[in-house]
Each structure stands twice: as C-alpha cells, then as structure tokens.
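Following: one structure in structure tokens, then a few remarks.
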Amino acid sequence: MQEMIKLTIDNRVIDAPKGSTVLQVARQAGVAIPTLCYMEKINEIGACRVCVVEVAGYRGLQASCVLEAAPGMVVRTNTPLVRQARRVNVELLLSNHPDSCLTCRRNTSCELQKLSHDLSVSKVSYVGEKTDLPLDLSNKSLVRDPNKCILCRRCVAVCHEVQNVGVISVSARGFHSIITPDANRQLGDTTCVFCGQCAAVCPTAAITEVDSTEQVFRAIGNKMHVVVQVAPAVRVAIGEEFGLPRGAITTGQMVTGLRMLGFTAVFDTDFAADLTILEEANELIQRVKTNGTLPLMTSCSPGWVKFVEHFYPEFMGHLSSCKSPMQMMGALIKSYYAEKIANLPPQQIVSVAIMPCTAKKFEANRPEFTHAGVQDVDFVLTTRELASMFKVAGIDLARLPTDEFDAPLGISTGAGVIFGASGGVMEAALRTAYEWIAEKPLAKLDLTAVRGLEGVKEAVVDVPNLGQVKVAVVSGLANADKFLARQKAEGSSYNFIEFMACPGGCLGGGGQPRMKPNEASLGKEARLKSIYAIDQELLLRKSHENPAVQKLYADYLGSVGGEKAHHLLHTSYTTRGRFPWRKQS
Amino acid sequence: MPGSKCQCASQGELDPRWEQLEEILAAYKGDAGALIQVLHAAQDVFGYVSEEVQEKVAEALGVPISEVYGVATFYSLFSLKPRGQYKIGVCLGTACYVRGAAQVLAEIEKQLGVKVNDTTGDGKFTLEVTRCIGACGLAPVITINEDVYGRLQVDKVKEVLAKY
C-alpha cells in the first residue's frame with residue numbers, strides 16, 4: 001500500500017499519496033492549476049512559474065510542479081497574489097512574443113494563447129526589446145521560429161530524454177537565451193532525425209511542420225492528376241481535430257473527405273504495408289536460411305533509419321532493405337499505376353501521402369526515392385495538415401458518410417493497419433513468415449506480447465520447420481539507443497527487431513493531432529485500441545492473403561524478392577555521422 | 001560557429017596541444033558530469049574552445065554537441081573565439097561607471113579599433129568588460145592580464161596600451 005498523507009488545498013483537506021507534487025495532488029482533486037513548461041516525468045523544472053501557489057509558512061510563491069506535497073501543508077491556489085503573479089509571468093512572456101496570433105499557425109491551438117485567455121490577461125504592461133531572429137527553413141520537415149519560442153524547454157526535454165537525439169539545447173543566457181540545434185547550426189545540417197516530437201509538444205508555433213497544404217491545393221486546383229495515400233495511424237487520430245472522441249475511427253469519412261478535396265484516386269498505405277510484409281518476411285527467411293546478417297531490423301520509420309545512419313552505422317547492414325510502405329506505394333504509383341491504370345507518364349502524376357509523421361517529409365525527399373527528376377512521393381502532409389485542408393475546404397469530417405478506398409492500391413488486410421502501432425510490423429510479419437515456413441495456418445493470430453505502449457517488448461515464437469524465433473519491439477529512440485548500446489556490448493540473440501522512432505509507434509507520431517501533455521498516454525491508448533479493433537473486424541488479417549497484392553505480383557512484380565520487386569521496393573542507406581557537417585574524408 | 005575556422009585544425013597532429021587535449025579527455029571518458037571541468041581544461045590548453053574542441057569533448061564525454069555548445073555559451077568564462085595575448089578587462093561596476101569607465105572603454109575601443117568581446121587583428125588584445133572587481137577605491141579600473149591600472153584617465157589610455 002502506498003503511504004498516504006493529508007494536506008489542505010483551497011480549504012479542502014485532501015488525501016494524497018506520499019511523494020506526489022502539489023500540482024499532481026491539486027489536479028487529482030479537480031483544482032486546475034495552469035502549467036506551461038511542465039510535462040510529467042519529462043520536463044519538471046519549474047521554469048515558467050505559471051503554476052505558482054501560496055503555501056502557509058513558505059516565503060514567496062512556490063512552483064507547484066516541483067514542490068513535494070507534505071503532511072499538513074496548507075496550499076492556496078487562488079489568492080490575489082497568485083492570480084497577479086501568474087498574470088505577470090504570462091505578461092512577461094508576451095512582452096517578447098510576436099502579436100501575430102490571428103495569422104499564426106497555432107491560432108486557437110496555442111497553449112500560450114489559451115493560458116493568456118484563461119488567466120484573463122488583458123494587457124501587456126511591459127514594453128521592451130523583442131527577439132528578432134531569422135526562421136530556420138533549412139529542411140523539408142520542420143520549421144523553427146525562434147521569435148515565437150518561450151523557452152519552456154519542452155522540446156529540449158523530449159529531444160534529450162525521450163529520443164536521445166539531443167540535437168537541440170538552450171544556448172547563451174538571459175535575454176539572449178535561445179534554443180539552438182547542434183552548435184548554432186540549422187536543423188537541416190545536423191543529426192536531427194525529424195521525428196517531430198518537439199513540434200508535437202511545442203506549446204506555441206516555435207516548431208511546426210513545413211506546411212505543404214497550399215502546394216497540394218494548387219496541384220488539385222490546376223487539374224493535375226493528384227493521387228493520395230493515407231497511413232494507418234491517421235484514421236484513428238484525425239477525428240480529434242473535429243471534436244470526435246480520442247481514437248475515433250474515421251477511415252470511411254476520411255476517404256469521402258479526400259474525394260471532396262478533389263483527389264483523383266484515394267489509396268491506402270495499408271496496401272503497401274501488406275506488400276512490405278511479403279518482402280520483409282521473405283528477407284527474414286532468406287537471412288535466416290543463408291546465415292545472413294541478423295537480427296533483421298525494420299526500416300519503415302524514417303526517423304529511426306536516420307538515427308541509425310547518424311549514431312549506429314555498425315547496424316546499417318541489419319536494416320531491412322525494404323522501402324517503407326509509403327515509399328513502396330510511391331514507387332508503384334509512379335510505375336504500375338501510371339503504366340497500367342492511369343495511362344500517364346509518371347511526371348504527370350502528383351503523388352501525395354498523408355502521414356502521422358514529420359520525418360516522412362524528409363524521407364520523400366531522399367535522393368534514393370527520386371528517379372529522373374521524378375519524386376515517388378511529391379508531397380507529404382501530416383495528419384494535422386490534412387485536418388487543416390478539410391477545415392479550409394469546409395469539410396466537417398464528423399458529419400460525412402463513409403466511402404471505400406480505390407482498388408487495387410486501396411485493398412488491404414488487418415496486418416496492414418496494425419503498422420500504425422508499435423509491434424504491428426512485427427506481428428504482421430510473423431503472421432506471414434510463420435505460415436510460409438510452417439506451411440500451415442497460424443492457430444492464433446494475435447501476438448499480444450508485442451502489443452501495447454511499453455518501450456521494449458519481447459517474444460519468442462515457435463515456428464515449425466525453423467525453431468524458435470526470438471523477436472523484440474522497441475519504440476521511442478531513447479529506448480532504441482539503450483537497446484542498441486546493449487546489443488553492441490553484449491551481442492544479440494534476436495532474429496528480428498522492430499524499431500519505431502516515436503514512443504508507441506506511428507499513432508504517437510510527430511505529425512499527429514497534438515495532445516495536452518497530461519493526456520498523451522490516454523490519447524495513445526485510445527488510438528491503439530482502435531487500430532487493433534480495425535484489425536479484429538477484418539476478414540483478411542494476413543498480408544499474403546491480400547488478393548490485390550497477389551494480383552500485383554502475378555501481373556506486374558513477378559515473384560516476392562524477385563528482380564522487379566527488388567528494383568521497385570528495396571533501397572539502401574547512407575552513413576551520416578555524428579557531426580554531419582564535417583567534410584566526409 | 002559555422003564559418004569560424006580553427007587554424008590549428010589544419011596543422012592536425014603537428015600541434016602538441018591536440019595531444020594535451022586527448023590526455024585530458026582520456027581521463028574523463030564517458031563522464032558527462034565533467035563537462036564544465038573539461039571545457040576549462042581545454043580552454044587552458046587552447047585559450048578558447050573552438051568548434052573542433054567542442055566536438056572532441058562531446059565525443060569523449062558522450063554528451064550531445066548541442067549541450068556542449070549550450071554550456072560553453074552560458075558561462076562567460078568560456079570563449080568560442082581565439083582571444084588575444086592580453087585580455088583587457090574594463091570594470092563597469094557602479095563605482096567605476098560613475099567615475100568615467102564608459103569614456104575609458106570608448107577610448108580603448110578607439111585606440112584598438114575593436115568593440116567589446118573582439119580581438120585585435122594582430123591577436124594582441126582582447127577587449128572585455130567586467131562587473132565590479134572590488135577595487136572601487138581606485139575607480140575607474142582596468143586590468144590587462146594580471147596588471148591593474150587604477151584612476152585611469154582617458155588621456156592616459158594610449159600610454160598604458162603602449163606598454164604591451
């Protein structure tokens with residue numbers, strides 16, 4: 001039993017577990033103390049001081065996020081002094097913040113704006129110098145606007161503690177303090193993996209994804225042949241932007257919405273996920289049979305891939321040569337679809353991908369995925385950007401009827417949809433690899449040991465004709481970093497490891513609808529449940545049973561792992577180094 | 001800082017200071033907590049912490065370069081640029097200020113042709129300002145390395161600088 005203490009908050013006596021902070025106790029008791037810099041367990045630094053409270057017997061106001069609740073403590077959260085201090089603190093932040101709320105990308109979703117409103121800040125009493133720094137437009141994924149930064153350090157905490165990339169830190173001091181990537185460089189020149197977890201937690205518009213919505217609107221408006229694919233994690237998250245409950249499944253409404261926007265064809269990345277599984281299961285079996293490089297490591301997550309390229313080049317040979325589902329679909333759209341279905345040269349097709357991910361924007365622009373000047377995926381939009389396009393176009397997702405993806409690149413199985421959750425690729429691959437090797441149906445499809453939001457999951461699967469297959473599933477790059485360091489030191493006994501850059505997998509991607517820091521795990525749980533609910537309800541749940549994929553091999557690709565499949569569906573990687581700005585010698 | 005090239009890098013292993021740095025780093029390998037000490041030691045060797053030095057420190061201690069840069073720019077004791085043979089510190093504490101330190105500073109800037117925190121082209125002087133150095137009775141005060149010049153009048157600045 002947890003030891004309990006009693007303390008008084010706003011004249012109420014409250015029981016609380018020993019070791020809690022005053023903020024946690026207050027929130028539990030329904031007292032909404034505002035916070036800005038605080039993220040439980042990730043960023044508890046008492047920096048912004050909007051959570052201040054009065055405590056009897058203490059000198060001055062206390063930051064409740066870092067104050068441990070003590071027995072008999074008498075806390076007051078709503079006194080004239082507290083209210084004034086919170087307002088002054090917000091006013092001071094606003095005194096060095098642009099007044100461009102109405103045209104800001106975070107208008108109505110900005111935490112600073114909301115806080116200013118909630119605290120009824122009606123003026124800014126302090127006039128002084130304002131930061132005037134250039135935007136960082138150095139890359140295809142993320143834009144940094146240091147002028148909108150309030151130095152809450154949430155991005156820094158996530159980059160260092162959750163992702164172990166550590167590419168951004170605070171430099172200089174006082175008024176000149178600024179968040180800078182790798183020794184004052186532009187993000188595009190650094191080890192940033194573009195996972196976008198910083199953009200997901202930024203309370204303002206200081207870090208956002210590169211906005212590609214206008215380019216897509218323009219392509220459609222210019223009557224070009226614009227096709228779109230949608231990743232699995234998008235359909236269980238985008239509803240949140242339209243007032244639907246967390247995890248609402250909106251697959252069919254989303255398809256309707258995409259047609260209303262004017263896309264010529266609406267495809268499902270899940271189809272390409274099924275295709276990935278066939279190629280990757282085959283790669284796993286080949287590597288096992290030929291004593292190839294093991295463990296095999298998945299390569300669907302572009303943030304993870306770039307992480308390996310920078311920090312663990314010794315493991316690059318372990319990465320599956322399979323392109324990600326998005327890039328497989330892109331390659332097929334500009335080849336198979338162009339030749340056989342649209343009857344158009346590839347350069348006349350605009351290929352758009354809706355992804356829960358900011359790193360996908362970087363991935364689409366990797367030179368490996370451009371052929372004769374034609375990019376396989378021309379534009380990547382995040383879930384948030386698609387929601388914005390719907391809103392601009394007056395499309396209320398919540399009220400739309402459902403529709404189906406277009407055949408054949410929209411036909412998929414349950415194995416494809418679970419790619420959206422950490423553990424999904426592993427489970428899907430094993431469903432197929434098992435049946436291929438054992439040559440008999442898998443009795444129980446649900447590999448629950450690799451499901452869930454834990455950072456590291458492991459399982460051992462008995463496969464007839466092969467023996468025991470030992471697998472691991474890792475999500476979040478800090479977990480990946482620790483896992484790889486251990487593999488490096490102790491050697492590896494695994495056959496197959498799934499890695500995803502973002503904690504929980506794509507459902508927690510950097511391009512997903514933002515969640516309040518204290519509601520993030522609830523939100524991810526809901527999305528996770530929905531992903532597996534979709535899988536559960538499908539008749540076809542094994543990638544190799546996807547009839548459209550089978551037909552594609554028969555009509556176009558030839559055999560799994562064959563020459564054409566290899567040419568279109570596989571790729572290679574690049575060593576990037578810890579200090580990528582150094583001239584390669 | 002991008003663009004500010006370290007001249008010692010091109011000399012590579014010929015420069016014994018890199019060996020000294022390697023010795024320091026070997027003693028603190030993997031010790032992220034020693035960042036400040038190591039930066040001090042590195043600055044003692046080179047006179048400043050260049051980008052190359054920061055990279056080596058980051059690599060040896062297992063700390064992201066962003067953090068090394070963050071610490072190096074937070075503490076005013078660390079310099080990211082080469083500093084001159086003689087460091088001039090002009091005290092701008094209250095007592096010195098009211099007795100004309102600002103005019104003294106302006107005169108030094110004029111004489112040397114540099115601004116605060118810059119180094120003369122010949123690498124001889126680096127001009128810095130300091131808070132109170134505790135010699136208020138001698139205000140206005142400047143220091144040049146270990147030498148202290150008190151009650152310094154503007155018209156004496158040229159004479160003082162000429163000693164170096």
Side-chain angles (χ1 to χ4, degrees), chain A residues 134 136 138 144 146 151 153 155-193 198 207 307 310-313 477-478 481-482 484-485 488-489 576-583 585, chain B residues 1-13 18 21 25 29-33 35-36 38-39 42-43 46 48-81 92 115-117 128-131:
Chain A
D136 179 348
S138 59
R144 296 189 321 115
L151 295 169
R153 293 153 168 81
C155 57
V156 173
V158 165
C159 192
H160 287 252
E161 309 302 327
V162 180
Q163 298 297 65
N164 275 21
V165 175
V167 68
I168 42 175
S169 287
V170 186
S171 63
R173 68 196 296 174
F175 183 78
H176 302 287
S177 295
I178 178 182
I179 309 289
T180 40
D182 281 353
N184 209 16
R185 291 195 153 71
Q186 302 259 301
L187 212 49
D189 303 328
T190 67
T191 53
C192 176
V193 303
C198 53
I207 312 183
F307 184 78
H310 283 297
F311 299 103
Y312 287 96
L477 289 174
D481 188 29
K482 287 176 213 146
L484 288 178
K488 210 166 133 177
R576 296 178 191 273
R578 255 166 214 265
F579 307 107
W581 48 87
R582 277 187 192 164
K583 285 253 156 55
S585 50
Chain B
M1 275 196 217
S4 71
K5 275 266 169 284
C6 165
Q7 267 103 51
C8 17
S10 55
Q11 299 167 20
E13 280 134 52
W18 290 103
L21 179 67
L25 295 179
K29 200 149 182 59
D31 184 0
L35 178 55
I36 293 177
V38 171
L39 284 176
Q43 178 155 297
F46 289 94
Y48 71 111
V49 280
S50 68
E51 203 175 309
E52 284 85 347
V53 168
Q54 291 176 53
E55 287 174 13
K56 289 214 182 288
V57 170
E59 222 164 8
L61 270 53
V63 174
I65 180 87
S66 69
E67 204 173 313
V68 176
Y69 180 81
V71 168
T73 54
F74 183 84
Y75 295 103
S76 55
L77 275 172
F78 295 124
S79 173
L80 270 60
K81 289 186 283 188
L92 288 187
K115 293 278 172 204
V116 171
N117 289 331
E128 288 168 348
V129 298
T130 71
R131 298 298 130 198

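Naming convention: chains lettered A, B, ... in sequence-line order (proteins, then strands); numbering from 1 in each chain.
Ranking B:Val71, B:Val68, B:Thr73 against chain A, the residue ahead of the rest is B:Thr73, based on heavy-atom pairs under 4.5 Å. Ranked by heavy-atom pairs under 4.5 Å with chain B, the first of A:Ala172, A:Gly174, A:Gly166 is A:Ala172. With respect to chain B, the highest number of heavy-atom pairs below 4.5 Å among A:Ile178, A:Thr191, A:Ile168 belongs to A:Ile168.
With a 4.5 Å cut-off on side-chain heavy atoms, B:Ser66 and A:Val167 do not count as touching. Side-chain atoms of B:Ile65 and A:Trp581, non-hydrogen and from C-beta on, do get closer than 4.5 Å to each other.
In this structure, CD1 in A:Ile179 is found 8.0 Å from OG in A:Ser169, a value given to the nearest 0.5 Å.
With a threshold of 4.5 angstrom between heavy atoms, A:His160 approaches chain B through side-chain atoms but not through N, CA, C or O.
Between B:Phe78 and B:Tyr75, the ring planes are perpendicular. Angles over 60° get that label, and only those under 30° would be called parallel.
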